[in-house]
Q: 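Pasting in a structure now, in structure tokens, and then I'll have a few things to ask.
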Amino acid sequence: MKQRKMSGWTWCPLPLLLLLCDVQAQLENRVIFLPGAFQNVSVSQNETVQAVVSRIPTEVAFVTLQFHTQHRNATLSYTRVPGLGLSLTAVDSGLLSALQPGQTVLSLFLSSPNDDTVSGTGVILPYSSTDPVPGACNIESNLDIDPNVYIQYNLYETTIHFAPANLGYERGEAPLACDESTEANTRWRLQYDIYQYFLPENDLSESSLFSGIQAVADIQGMMETGRRLMTLLSTDRSLAVFNSIPGQGVIYSVIVRDPLLNTSASYVPVHTYACSFNSTLDGCQTLGKISTKVFFTITGLAGLFVCLFGHRFFKCELFCMGFSFAAFFFFILITRTTDLDYDIRLTLSAVVGVVGGVLLVMSWWRFGSVMACIVVVGLMLGFLTASTVLFTPIGDLDVFRRSNVVFWVTFCCIVIVVPLFFVRWPREGNITTCGVVGAYAVILGVNSYIYTSLSYITLNILKRFLNNNFSSVFTDVPFQTIDYIMITVWVVLGVCGIVLQLYRERSRPFFPPSPYLMWLQERERRKTNVLDPSHHFPSLPNRVLARARQLTRRMEPAGEHTPLLL
């Protein structure tokens, strides 16, 4: 009898083990979410993780489950097998579930759409029946209710758009109609606040992103740590455009408010680095091109020389200013008119810049007009001054953001006004330009190795030149510790360069004389001053002719030719 039992036990282990393994697998692929608590989840390839929401309070009318990864897509679904209209695949994904009366538990499913493991963080956010329902009036995507914010970016701008919300409702009730009426008791009274949150600069780590997501995922966190950029009414288009900052992590979120009931709800936040993690040529990890580093390293070294010694070495200063002026505008011209590769465009711009620098130096060498050259130098200072003024929050005013005409008129007025001071104080203006512009060139050189937002002072202007629709883009950039350090370096280096040159040049002539004019004066002096020994020195043609005659004529021997007397 014992043996039969043992034989029976030895015959049954395979099905039993399979059953136990199946139960264990379900336990491993199940994650418990508590409302408001973040949960890190790792989804392996060909695996589906069940996200279980438990302990849902009875006063909660609907919940949103949001799941965020850094750059790999994840699929969030209402069912175990994702289907059209029942799932969403994205880096930042979220689903909204309306609860039924008495429901305290909810299940959703996470899976990896590709053959790799996806790690991310998720959270469940509960809302009451008086809170607006994000994306409940969706007519664009396949989801019935779409609480997601969709993002697109290019080199110039980042665009976000979302589906309109609807008013909240109790469990078991039917939602209100979206477009039957525009009265105050409909969804048309809702308002949408768009927020922006910058991640730490030069930090592309996953932990930094997850910390930022956890800080701003809910309404309170985003309102405390983020910056409200704009408010859209229900009559406005649910779309906003911002400035792209490649390599800088930014989180955008939309909070829909009901001003009548003083309630609000959050859409699923979305993040971007304005670059690709998968590109091997120009991805986030390899954002700085070698050509750019070489170009701006040389620019930084030249800027340091101009900042400290520009006025003393006037020809070098003119060459640098002419180079910058010609290279900048030629880069704009060739970018707008051709589709050449970036490295080719940068090389051609450098060549044209060299030509421009040489022409400016030669114009001063030949004609000796200091004021004409100083005007070009003053335009460089005016350009940097106008760019800096419009880089401040002044540039985000609606009058500048919505109208290209107003922006460019204001910009040009500032650029032209600055050189007018050079007419009265040419030497001081030239030295000031050397200090300010040269120090900023040093900042651009440092920016090729260490990211700083100060580079966008001129980069925003370059983008406006290259993109006709850039006027609608917010130009906000983050100001963090490295930026304040770079501002200090700019100010200290510029002031030191200006003071040093003013002190060194105090007893010297305002500007060095033109070499060509000096040569003309010297030649005229030699012609008229008969007491000058150089006046009796043959000219070059006469010396060449005399040498030729010596080669064709026999030299007479020197000696005594008188006959000797006896």
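The figures that follow rest on heavy atoms only: side chains count, while hydrogens, waters and symmetry mates do not. All of these numbers come straight from a predicted model, not from anything done at the bench.
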Q: Please indicate whether Ile139 has more than 12 foreign heavy atoms, meaning atoms of other residues, nucleotides or ligands, lying under 6.0 Å from its CD1.
A: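 Incorrect, the count does not exceed 12.
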Q: I'd like to check Thr159 versus Tyr153 (side-chain heavy atoms, cut-off strictly below 4.5 Å). Are they in contact?
A: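 Thr159 vs Tyr153: side chains apart.
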Q: To the nearest 0.5 Å, what is the distance between CD1 (Ile374) and CG (Asn430)?
A: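 If I round to the nearest 0.5 Å, the distance is 4.0 Å.
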Q: Donor-acceptor check, side chain of Asp203 to backbone of Pro200, threshold 3.5 angstrom: yes or no?
A: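 Looks like no, no N/O pair under 3.5 Å.
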Q: Give the intermediate values and the outcome of side chain to side chain contact (heavy atoms under 4.5 Å, CB included) for residues Leu348 and Leu340.
A: CA-CA 10 Å; Leu348 292 176; Leu340 295 176; 4.0 Å; yes
Q: I'd like to know if the side chain of Gln248 and the backbone of Phe198 have a donor-acceptor N/O pair within less than 3.5 Å.
A: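 Answer holds: no.
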Q: Please report the closest heavy-atom contact between Cys316 and Phe305, naming both atoms and the distance.
A: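 Where Cys316 meets Phe305 most closely, the heavy atoms are CB-CE2, 3.9 Å.
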Q: Decide yes or no for Ile414 and Val389: does some side-chain heavy atom of the first lie under 4.5 Å from some side-chain heavy atom of the second?
A: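 In contact.
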Q: Taking atom CD as the centre, does Gln45 end up with more than 12 heavy-atom neighbours from other residues, nucleotides or ligands that are less than 6.0 angstrom away?
A: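 More than 12 within 6.0 Å, yes.
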Q: Donor-acceptor pair, distance only, cut-off 3.5 Å: does the side chain of Thr388 make one with the backbone of Leu384?
A: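 Side chain of Thr388 to backbone of Leu384: a pair is present.
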Q: Which heavy-atom pair separates Ala217 from Pro269 by the least distance, and what is that distance?
A: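 Closest heavy-atom pair between Ala217 and Pro269: CA-CG, 4.0 Å.
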Q: Can Tyr342 and Thr335 be said to form a side-chain hydrogen bond (donor to acceptor under 3.5 Å, both in side chains), step by step?
A: CA-CA 9 Å; Tyr342 171 79; Thr335 301; over 6 Å; no
Q: Classify the side-chain pair Asn114/Asp116 by whether it contains a donor and acceptor separated by less than 3.5 Å.
A: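 Distance-only check fails for Asn114 and Asp116.
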Q: Please report the interatomic distance CG(Asn447) to CG(Asp483), rounded to the nearest 0.5 Å.
A: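 So the gap between those two atoms works out to 9.5 Å.
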Q: Please name the pair of heavy atoms, one in Val358 and one in Phe319, separated by the smallest distance, quoted to 0.1 Å.
A: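 Looking at all heavy atoms of both residues, the shortest contact is N-CD1, 3.7 Å.
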Q: Between Thr231 and Arg257, is any pair of side-chain heavy atoms under 4.5 Å apart?
A: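 Yes, close enough: below the 4.5 Å cut-off.
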Q: Using the side chain to side chain contact (heavy atoms under 4.5 Å, CB included) rule, take Val268 and Val254 through it: C-alpha gap first, then chi angles, then the decisive distance, then the call.
A: CA-CA 8 Å; Val268 177; Val254 178; over 6 Å; no
Q: Using atom types as modelled and distance alone, determine if a side-chain donor or acceptor of Ser448 lies under 3.5 Å from a backbone N or O of Gly445.
A: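 Checking the backbone N and O of Gly445 against the side chain of Ser448, a donor-acceptor pair under 3.5 Å is found.
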Q: If you measure from NZ on Lys315 to CE on Met362, what distance do you get to the nearest 0.5 Å?
A: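 The NZ atom of Lys315 sits 11.5 Å away from the CE atom of Met362.
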Q: Determine, step by step, whether His161 and Glu140 satisfy the side chain to side chain contact (heavy atoms under 4.5 Å, CB included) criterion, reporting the C-alpha distance in whole Å, the side-chain angles of both residues, the deciding distance to 0.1 Å, and the verdict.
A: CA-CA 11 Å; His161 62 92; Glu140 296 182 359; 3.9 Å; yes
Q: How long is the span from the CD1 atom in Ile450 to the CD1 atom in Ile485, to the nearest 0.5 Å?
A: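 So the gap between those two atoms works out to 9.0 Å.
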Q: Under 4.5 Å between any side-chain heavy atoms of Leu360 and Val376, yes or no?
A: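 A side-chain contact under 4.5 Å exists here.
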Q: Report the C-alpha separation of Ser387 and Thr458 in whole Å, then their side-chain angles, then the decisive distance to 0.1 Å, and conclude whether the side-chain hydrogen bond (donor to acceptor under 3.5 Å, both in side chains) test is met.
A: CA-CA 6 Å; Ser387 302; Thr458 53; over 6 Å; no
Q: Looking only at heavy atoms, what is the nearest atom pair of Ser349 and Ala327, with distance?
A: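 For Ser349 and Ala327, the tightest heavy-atom pair comes out as O-CB, 3.4 Å.
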Q: Side chains of Tyr449 and Thr297: donor-acceptor distance under 3.5 Å anywhere?
A: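 Side-chain D/A pair, Tyr449 to Thr297: present.
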Q: Any non-hydrogen side-chain atom of Phe295 less than 4.5 Å from a side-chain atom of Leu346?
A: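 Counting from C-beta outward, Phe295 and Leu346 do come under 4.5 Å.
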Q: Tyr440 side chain to Leu454 main-chain N or O, any donor-acceptor pair under 3.5 Å?
A: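 Judged by distance alone, yes, a pair lies under 3.5 Å.
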Q: Evaluate the criterion side chain to side chain contact (heavy atoms under 4.5 Å, CB included) for residue pair Gln501 and Arg312; output intermediate values, then yes/no.
A: CA-CA 8 Å; Gln501 294 195 67; Arg312 169 70 68 87; 5.7 Å; no
Q: In the structure I gave you, are the side-chain heavy atoms of Ile251 and Leu199 within less than 4.5 Å of one another anywhere?
A: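 Yes, their side chains come closer than 4.5 Å.
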Q: Determine whether His271 and Val91 make a side-chain contact, defined as any pair of heavy atoms from C-beta on separated by less than 4.5 Å.
A: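 In contact.
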Q: Backbone N or O of Phe309 within a donor-acceptor pair of the Glu317 side chain at under 3.5 Å?
A: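 Checked: no pair found.
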Q: Please answer whether the main-chain N or O of Tyr456 pairs with a side-chain N or O of Asn460 as donor and acceptor at a distance below 3.5 Å.
A: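 Yes; judged by distance alone, with no hydrogens or angles, the pair exists.
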Q: In Å, rounded to the nearest 0.5 Å, how long is the span from OG1 of Thr69 to CG of Asp92?
A: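 The CG atom of Asp92 is 6.5 Å from OG1 of Thr69, to the nearest 0.5 Å.
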Q: Could you check whether Tyr192 and Phe162 have their ring centres less than 6.0 Å apart?
A: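 Centroid distance Phe162-Tyr192: below 6.0 Å, so yes.
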Q: Taking Glu157's backbone N and O only, do any of them form a donor-acceptor pair with Asn243's side chain (distance below 3.5 Å, no angle check)?
A: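 Flag not set: sc Asn243 to bb Glu157 has no pair under 3.5 Å.
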Q: Looking at every non-hydrogen atom in both residues, tell me the closest pair between Val256 and Ala165 and how far apart they are.
A: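 Taking Val256 first and Ala165 second, the nearest heavy atoms are CG2-CB, 3.8 Å.
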Q: Checking side-chain contact (heavy atoms from CB on, under 4.5 Å) against Tyr273, which of Leu209, Val250, Ile245 comes through?
A: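 Result for side-chain contact (heavy atoms from CB on, under 4.5 Å) with Tyr273: Leu209.
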Q: If you count heavy atoms of other groups shown closer than 6.0 angstrom to CE of Met230, is the number above 12?
A: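 Yes, because the 6.0 Å sphere around CE of Met230 holds more than 12 heavy atoms from other groups.
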Q: For Phe421, I'd like to know if atom CZ has over 12 heavy atoms of other residues, nucleotides or ligands within 6.0 Å.
A: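 No, not enclosed.
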Q: Run through Tyr267, Phe242, Tyr195 and flag the one making a ring pair (Phe, Tyr, Trp, His ring centres under 6.0 Å) with Tyr252.
A: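 With Tyr252 as partner, ring pair (Phe, Tyr, Trp, His ring centres under 6.0 Å) holds for just one option, Phe242.
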Q: Scan side-chain atoms only and decide if Thr75 and Ser87 contain a donor-acceptor pair under the 3.5 Å cut-off.
A: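 Result is no, nothing qualifies.
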Q: Are Met380 and Ser324 side-chain neighbours, meaning at least one heavy-atom pair lies under 4.5 Å?
A: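 Yes; the side chains approach each other to less than 4.5 Å.
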Q: Within the 3.5 Å criterion, strictly below it, is a donor on Gln196 or Arg227 matched to an acceptor on the partner's side chain?
A: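 No.
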Q: Decide if the gap between the ring center of Phe383 and the ring center of Phe325 is smaller than 6.0 angstrom.
A: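 Centroid distance Phe383-Phe325: not below 6.0 Å, so no.
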Q: Compare every heavy atom of Met486 with every heavy atom of Ile443, then report the nearest pair and how far apart it is.
A: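 Closest approach of Ile443 to Met486: CD1-O, 3.6 Å.
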Q: Looking only at side-chain N and O atoms, does Glu201 offer a donor or acceptor that is under 3.5 Å from a partner on Tyr451?
A: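 No pair is found: no donor N or O on one side chain lies under 3.5 Å from an acceptor on the other.
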Q: Consider only side-chain N and O atoms of Asn73 and Thr89, and report whether a donor and an acceptor are under 3.5 Å apart.
A: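 No, because no side-chain N or O of Asn73 sits under 3.5 Å from a partner of the opposite role on Thr89.
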Q: Using modelled atom types only, decide if a donor and an acceptor are shared between the side chain of Asn138 and the backbone of Ser141 within a distance under 3.5 Å.
A: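 Yes; at least one donor-acceptor contact below 3.5 Å.
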Q: Measuring from Thr410:OG1 to Leu397:CG, what's the distance to the nearest 0.5 Å?
A: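 These two atoms lie 10.0 Å from each other.
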Q: Is there a donor-acceptor pair under 3.5 Å between the side chain of Arg336 and the backbone N or O of Phe465?
A: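 At least one qualifying donor-acceptor pair exists.
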